[in-house]
Chemist: 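A single structure is presented below for examination.
Residue numbers count from 1 along this sequence. Side chains included, hydrogens not; waters and symmetry mates left out as well; all remaining heavy atoms used. Worth saying up front: this structure is predicted, and the values here are computed from it rather than measured.
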Amino acid sequence: MTSRAFITGVSGPELTAEEREFIRGELPWGLILFKRNIEAPDQVSALVNEFRRLVDEADAPVLIDQEGGRVARLGPPHWSVYPPGATFGALYDLDPALGLKAARLSSRLIAADLIDLGITVDCLPLADVPVAGADAVIGNRAYGTEPAKVAAIARAVTEGLDQGGVLPVLKHIPGHGRATADSHFRLPTVDTARDELERTDFAAFQPLADLPMAMTAHVVFSALDPAQPATTSATIIHQVIRGEIGFQGLLMSDDVSMNALAGSIAVRTRAIVNAGCDMVLHCNGKLDEMRDVARETPELADGALERARRALAARRQPEPFDRQAGRAELEALVDRVGTV
């Protein structure tokens with residue numbers, strides 16, 4: 001069977017009868033989980049397994065945003081708390097080797113939590129480079145303000161996920177760090193000149209262009225395309241993301257239901273597909289919107305299908321890991337800089 005080129009959310013910790021019918025009939029490529037879907041380990045595992053049975057794909061990707069800090073869908077009492085990205089940046093400033101080690105350890109521990117539940121994709125790392133005056137939506141999620149440092153820490157995060165058998169999703173390409181608005185609520189416009197974007201924002205993503213998956217930014221870059229955000233801009237996707245940055249993996253949109261995008265869900269979905277994204281991401285679990293996305297999304301085919309296959313094939317089996325020792329080592333490293 002061929003999946004449709006979208007990733008869906010669902011409404012709660014268990015699938016409703018209508019959601020089962022929808023998933024079985026429309027065959028989304030993947031499922032993304034949020035706090036509303038999570039109560040306890042056995043319940044999450046059951047939800048993951050049921051989704052895979054319904055799409056008849058044993059390795060169908062199940063995604064989550066588990067960064068650490070304030071973006072964490074899993075948390076106490078069943079799962080550990082992990083530091084935000086800025087903590088790794090602060091450690092890196094003390095000693096680059098320590099910053100990279102902590103980033104790698106944190107993501108390796110996160111991967112162990114995810115694999116226990118059958119979750120195989122984490123929407124991490126970030127390569128966004130924030131600037132003074134930007135909206136706090138990125139804030140301490142970022143690893144720093146220097147592209148080379150951001151890319152190095154992002155690579156270490158990716159290595160930890162990889163060692164734990166979890167695929168990364170690089171975000172938010174080609175950069176969300178300059179946005180002066182939260183794209184969950186309204187569309188940000190960045191008026192920075194192209195040469196400065198190339199020197200900073202794009203430069204953080206270029207060393208990570210080999211990663212298997214990336215997520216777009218709902219941000220207008222007026223120097224590149226004054227009319228469309230990156231997610232729906234064929235110019236930015238083909239000339240910048242695929243061209244200048246050189247990313248050739250599976251490209252998914254950020255959430256199609258975010259208020260940064262204009263028009264109905266159907267209109268947004270068509271715009272995402274027509275611009276050149278391989279995959280439409282829909283997160284809020286509203287069934288009427290899910291149906292609109294499915295109607296407007298093609299089956300995976302051609303280059304998008306090949307990129308999807310390559311992405312899934314990149315996942316490794318988890319390496320042996322002493323979770324208790326790793327957690328103790330991470331805590332000792334984080335104690336050197338305190339809370340960031």
Chemist: So does E50 pair up with R53, basic N to acidic O under 4.0 Å?
Modeler: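 No, E50 and R53 are not salt-bridged.
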Chemist: Rounded to the nearest 0.5 Å, what separation is found between the CD1 atom of I173 and the CZ atom of F202?
Modeler: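 Reported value, rounded in 0.5 Å steps: 9.5 Å.
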Chemist: Could you check whether any side-chain N or O of R242 sits under 3.5 Å from a backbone N or O of F247, counting only pairs where one atom can act as donor and the other as acceptor?
Modeler: yes
Chemist: What pair of heavy atoms forms the shortest contact from P229 to V220, and how long is it?
Modeler: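 In this case the closest contact between P229 and V220 is N-CG2, 3.6 Å.
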Chemist: Show, in sequence, the C-alpha distance, side-chain angles and deciding distance for L261 and L187, and conclude whether the side-chain contact (heavy atoms from CB on, under 4.5 Å) test is met.
Modeler: CA-CA 7 Å; L261 300 184; L187 178 62; 5.6 Å; no
Chemist: More than 12 non-hydrogen atoms from neighbouring residues, nucleotides or ligands closer than 6.0 Å to CZ on R36, yes or no?
Modeler: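 Buried by this count: over 12 neighbours within 6.0 Å.
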Chemist: Honestly curious: do L54 and L63 fall in one hydrophobic cluster under the side-chain, below-4.5 Å linking rule?
Modeler: no
Chemist: Do you see a donor-acceptor pair shorter than 3.5 Å between the side chains of S253 and R268?
Modeler: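 No, no side-chain donor-acceptor pair sits under 3.5 Å.
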Chemist: Would you call R291-D288 a salt bridge at under 4.0 Å N-O?
Modeler: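 No, this pair does not count.
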Chemist: In terms of heavy-atom contacts, does CG of D195 have more than 12 from other residues, nucleotides or ligands at under 6.0 Å?
Modeler: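 Yes, enclosed.
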Chemist: Which value, rounded to the nearest 0.5 Å, describes the distance between E67 atom CD and L124 atom CG?
Modeler: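 Reported to 0.5 Å precision, the distance equals 6.0 Å.
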Chemist: Hey, does E299 have a side-chain heavy atom less than 4.5 Å from the side chain of L27?
Modeler: no
Chemist: For E196 and A193, indicate whether the former's side chain and the latter's backbone hold a donor-acceptor pair under 3.5 Å.
Modeler: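 Flag not set: sc E196 to bb A193 has no pair under 3.5 Å.
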Chemist: Are more than 12 heavy atoms, taken from residues, nucleotides or ligands other than K149, located less than 6.0 Å from that residue's NZ atom?
Modeler: yes
Chemist: Counting neighbours of CD on E306 that are heavy atoms of other residues, nucleotides or ligands and sit closer than 6.0 Å, is the number greater than 12?
Modeler: yes
Chemist: Below 4.0 angstrom, N of the basic side chain to O of the carboxylate: do D65 and K171 qualify?
Modeler: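 Yes, this pair counts.
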Chemist: If I take atom CZ from residue R315 and atom CG from residue D59, how far apart are they, to the nearest 0.5 angstrom?
Modeler: 7.5 Å
Chemist: Using the salt bridge (charged side-chain N to carboxylate O under 4.0 Å, His left out) rule, take R155 and D162 through it: C-alpha gap first, then chi angles, then the decisive distance, then the call.
Modeler: CA-CA 10 Å; R155 176 65 70 180; D162 185 50; over 6 Å; no
Chemist: Would a 4.5 Å heavy-atom cut-off, applied to side chains only, mark W79 and L117 as touching?
Modeler: yes
Chemist: Begin with the C-alpha distance, continue with both residues' side-chain angles, and end with the deciding distance and a verdict on side-chain contact (heavy atoms from CB on, under 4.5 Å) for W29 and L312.
Modeler: CA-CA 11 Å; W29 185 72; L312 295 186; 3.8 Å; yes
Chemist: Are Q228 and T232 linked by a side-chain donor-acceptor pair shorter than 3.5 Å?
Modeler: yes
Chemist: Under 3.5 Å, side chain of E244 to main-chain N/O of I236, donor-acceptor pair present?
Modeler: no
Chemist: Salt bridge check, E329 against R108: does any charged N sit closer than 4.0 Å to a carboxylate O?
Modeler: no
Chemist: Does the side chain of V293 reach to within under 4.5 Å of the side chain of T8, using non-hydrogen atoms?
Modeler: no
Chemist: Without hydrogens or angle criteria, can the side chains of E19 and S11 be said to hold a donor-acceptor pair below 3.5 Å?
Modeler: yes
Chemist: Should F22 and L15 count as side-chain neighbours, where that means a heavy-atom distance under 4.5 Å?
Modeler: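 No, side chains not in contact.
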Chemist: Which heavy atom of A103 sits nearest a heavy atom of V157, and at what distance?
Modeler: CB-CG2, 3.8 Å
Chemist: Report whether L31 and I119 are members of the same hydrophobic cluster (ILVMFWY, side-chain heavy atoms less than 4.5 Å apart, transitive linking).
Modeler: yes
Chemist: Is the backbone of D255 close enough, under 3.5 Å, to the side chain of H218 for a donor and an acceptor to pair up by distance?
Modeler: yes
Chemist: Looking at A102 and L330, what are the two nearest heavy atoms and their distance?
Modeler: O-CD1, 3.6 Å
Chemist: Would you say L224 ends up clustered with V190 if hydrophobic residues are merged whenever their side chains have heavy atoms under 4.5 Å apart, either directly or through other cluster members?
Modeler: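 Yes, V190 connects to L224 through the hydrophobic network.
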Chemist: If you measure from OG1 on T269 to CG on L281, what distance do you get to the nearest 0.5 Å?
Modeler: 10.5 Å
Chemist: Any link between I64 and F34 through a network of hydrophobic side chains (Ile, Leu, Val, Met, Phe, Trp, Tyr) touching at under 4.5 Å?
Modeler: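 No, it is not one cluster - the side chains of I64 and F34 are not joined through contacts under 4.5 Å.
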Chemist: Can you tell me if D113 and Q66 form a side-chain donor-acceptor pair at under 3.5 Å?
Modeler: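 No, no side-chain donor-acceptor contact under 3.5 Å.
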Chemist: Show the numbers, then the answer: is there a side-chain contact (heavy atoms from CB on, under 4.5 Å) between I153 and L100?
Modeler: CA-CA 6 Å; I153 295 173; L100 298 180; 4.0 Å; yes
Chemist: Please check: side-chain N/O of D322 versus main-chain N/O of Q324, any donor-acceptor pairing under 3.5 Å?
Modeler: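 Answer holds: yes.
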Chemist: Within the side chain of N37, is there an N or O that forms a donor-acceptor pair under 3.5 Å with the backbone of P13?
Modeler: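 No: the side chain of N37 does not pair with the backbone of P13.
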Chemist: Any heavy-atom pair between the side chains of E57 and R52 that's under 4.5 Å?
Modeler: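 Answer no - side chains too far apart.
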Chemist: Check whether D278 reaches the backbone of L251 with its side chain - one donor and one acceptor, N or O, closer than 3.5 Å.
Modeler: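 Judged by distance alone, yes, a pair lies under 3.5 Å.
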Chemist: Could you tell me whether the side chain of R4 and the main chain of E26 form a donor-acceptor pair under 3.5 Å?
Modeler: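 It does not hold such a pair.
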Chemist: E21 vs R24, test: salt bridge (charged side-chain N to carboxylate O under 4.0 Å, His left out). Steps then yes/no.
Modeler: CA-CA 5 Å; E21 182 182 1; R24 189 184 293 111; over 6 Å; no
Chemist: Work out which heavy atom in P174 is nearest to a heavy atom in I241; give both atom names and the distance.
Modeler: CD-CD1, 4.1 Å
Chemist: Is the shortest side-chain N to carboxylate O distance from E198 to R194 below 4.0 Å?
Modeler: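 Salt bridge flag = yes for R194 with E198.
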Chemist: Grab the two heavy atoms, one from L250 and one from A311, that are nearest each other, plus how far apart they are.
Modeler: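 Looking at all heavy atoms of both residues, the closest pair is CB-CB, 4.5 Å.
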Chemist: Apply side-chain contact (heavy atoms from CB on, under 4.5 Å) to residues V240 and I245 and explain how you reach the verdict.
Modeler: CA-CA 6 Å; V240 177; I245 291 173; 4.1 Å; yes
Chemist: Would you mind reporting whether C277 and T216 have side-chain heavy atoms less than 4.5 Å apart?
Modeler: yes
Chemist: Is there a path of hydrophobic side-chain contacts, each under 4.5 Å between heavy atoms of I, L, V, M, F, W or Y residues, that connects V62 with V44?
Modeler: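 Yes, one cluster joins them.
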Chemist: Going from CD on E18 to CD1 on I23, what distance comes out if it is rounded to the nearest 0.5 angstrom?
Modeler: 12.0 Å
Chemist: Between the side chains of D128 and R141, is the shortest nitrogen-to-carboxylate-oxygen separation below 4.0 Å, so that they form an ion pair?
Modeler: no
Chemist: Would you say the side chain of V121 lies within less than 4.5 Å of the side chain of V166, judging by non-hydrogen atoms?
Modeler: no
Chemist: If I take atom CD1 from residue I32 and atom CZ from residue F6, how far apart are they, to the nearest 0.5 angstrom?
Modeler: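 Taking CD1 in I32 and CZ in F6, the distance rounds to 13.0 Å.
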Chemist: Do S80 and R327 touch side chain to side chain, with heavy atoms closer than 4.5 Å?
Modeler: yes
Chemist: Look at the side chain of D292 and the backbone N and O of I265, then say whether any donor-acceptor pair between them is shorter than 3.5 Å.
Modeler: no
Chemist: Which pair of non-hydrogen atoms, one from I237 and one from T231, has the smallest distance, and what is that distance?
Modeler: CD1-O, 3.8 Å
